[in-house]
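This report concerns only the one structure given below.
This structure is a prediction, so every number in the text was calculated from the model and none was measured. So you know, we letter chains A, B, ... as the sequences are listed, proteins then strands, and number each from 1.
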Number of protein chains: 2
Amino acid sequence: MNIQEFAELTQISAHTIRYYEKIGLLRNINRNSSGHRAFTKNDIVWTDFIKRLKDTGMSLQDIRRYADLREEGEHTAKLRMQLLQAHTKILEERIAIETLHLQKLKEKIKFYDTLIID
Amino acid sequence: MNIQEFAELTQISAHTIRYYEKIGLLRNINRNSSGHRAFTKNDIVWTDFIKRLKDTGMSLQDIRRYADLREEGEHTAKLRMQLLQAHTKILEERIAIETLHLQKLKEKIKFYDTLIID
DNA sequence: GCTTGACTTTGAGTATGCTCTAAGTTGTAG
DNA sequence: CTACAACTTAGAGCATACTCAAAGTCAAGC
């Protein structure tokens with residue numbers, strides 16, 4: 001599929017997709033005879049994973065490091081798993097903090113509620 | 001207290017504190033006879049609240065709008081409460097999404113685990 | 001009274017993650 | 001065969017949130 005279809009499916013702009021390729025997040029994207037990018041289903045799977053890492057607060061630089069390891073092959077699988085484990089730990093901590101923040105905000109709202117009578 | 005003590009207590013650099021004042025997050029900071037900022041306990045309470053909003057993903061611009069309303073006085077209390085309610089909703093949604101991401105990452109780790117035997 | 005150190009201001013510089021522009025190429029439709 | 005839309009690249013520009021630099025002020029200690 002071409003870049004527009006891929007952009008549609010992944011919900012990432014064509015600009016950003018090219019940018020992701022430029023900084024090494026996307027690799028080995030096929031090209032057709034006219035030099036246009038030809039994306040595959042595998043590219044979608046990988047891109048969705050990039051989105052997941054990004055949405056959970058991983059920097060593009062760190063995602064790129066993961067992509068580097070992926071490129072190096074099977075022998076880096078254990079290391080990649082460890083990186084993912086470290087990341088889930090950070091994520092768990094963030095969810096815990098956000099849950100606390102949420103509770104505090106709700107307390108503040110409750111306090112506002114006692115002040116406002118109308 | 002001076003800016004260094006305040007920076008220590010709030011865990012925000014003096015640079016950033018001045019920046020926050022410049023963009024209107026901090027207001028009416030007292031000054032001593034030499035023109036140096038003299039922070040109060042109230043400033044700490046408000047700054048901690050700024051941190052909470054920021055840590056839950058609110059932009060400095062939106063925090064500034066909240067600060068504007070706060071400055072306008074009591075009659076904006078209801079509106080501020082509504083802004084906070086809207087923000088808690090966004091936060092709840094984000095926590096839900098992150099929890100899903102966490103689950104998916106753990107599934108991927110489990111999958112790595114079946115691949116790696118050593 | 002002069003040095004020292006912490007403060008002050010204005011404005012410039014930086015990192016991240018896009019986002020867009022300019023100039024050019026290619027493939028299909030009329 | 002030419003117009004046109006969609007692609008290509010390199011590189012500039014932008015928003016956010018800092019972060020720092022330069023030049024100056026001020027109070028306390030020697």
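- A:Arg37 contributes no side-chain N or O that, together with a main-chain N or O of A:Ile29, makes up a donor-acceptor pair within less than 3.5 Å.
- Looking at residues 33-46 of chain A, you'll see A:Ser33, A:Ser34 sit with a heavy atom under 4.0 Å from some atom of DNA chain C.
- Comparing B:Arg18 and A:Ser13 against DNA chain C, the residue whose closest nucleotide sits nearer the 5' end is B:Arg18.
- One atom, NE2 of A:His15, and another, P of D:dC7, lie 11 Å apart when rounded to the nearest Å.
- Phosphate proximity of C:dC7 to B:Asn2: present, with a side-chain N or O under 4.0 Å from OP1 or OP2.
- If you take CD1 of A:Ile17 and C1' of D:dT8, they are 14 Å apart, rounded to a whole angstrom.
- Between the C1' atom of C:dC7 and the CD atom of B:Glu21 lies a distance of 13 Å, rounded to the nearest Å.
- Within the 4.0 Å cut-off from OP1 or OP2 of C:dT9, at least one side-chain nitrogen or oxygen of B:Arg31 is found.
- Comparing A:Lys22 and B:Thr16 along DNA chain D, the residue whose closest nucleotide (by nearest heavy atom) sits nearer the 5' end is A:Lys22.
- One interatomic measurement links the two molecules: CZ of A:Arg65 to P of C:dT16, which rounds to 10 Å at whole-angstrom precision.
- When each of A:Arg80, A:Arg64, A:His75 is checked for a side chain to side chain contact (heavy atoms under 4.5 Å, CB included) with A:Leu69, only A:Arg80 meets the rule.
- Remark: C1' of C:dC7 and CD of B:Glu5 are 13 Å apart, rounded to the nearest angstrom.
- Classification of B:Arg52 and B:Asp48 as a salt-bridged pair fails, no side-chain N sitting under 4.0 Å from a carboxylate O.
- Side chains of B:Ser34 and B:Asn32: a donor-acceptor N/O pair is present below 3.5 angstrom, by distance only.
- The CE atom of B:Met1 sits 18 Å away from the P atom of C:dA6 (whole-angstrom rounding).
- Between B:Phe49 and A:Lys108, the closest side-chain pair of non-hydrogen atoms falls below 4.5 Å.
- Rounded to a whole Å, the CD1 atom of B:Ile3 is 16 Å from the C1' atom of D:dC26.
- The side-chain contact (heavy atoms from CB on, under 4.5 Å) test applied to B:Leu100 returns B:Gln103, B:Lys104, not counting sequence neighbours.
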- Using the side-chain contact (heavy atoms from CB on, under 4.5 Å) rule, take B:Leu26 and B:Ile50 through it: C-alpha gap first, then chi angles, then the decisive distance, then the call. CA-CA 9 Å; B:Leu26 300 174; B:Ile50 290 174; 3.7 Å; yes
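- Interatomic distance, B:Lys89 NZ to B:Leu84 CG, rounded to the nearest 0.5 Å: 15.0 Å.
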Atom pairs, protein N/O to nucleotides 15-17 of chain D N/O, distance under 3.5 Å:
| from | atom 1 | to | atom 2 | distance (Å) |
| --- | --- | --- | --- | --- |
| D:dA17 | OP2 | B:Leu60 | N | 3.2 |

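- To the nearest angstrom, P of D:dA28 lies 10 Å from CG of B:Asn32.
- Salt-bridge annotation for A:Glu21 and A:Arg31: present, with a side-chain N of the basic residue lying under 4.0 Å from a carboxylate O of the acidic one.
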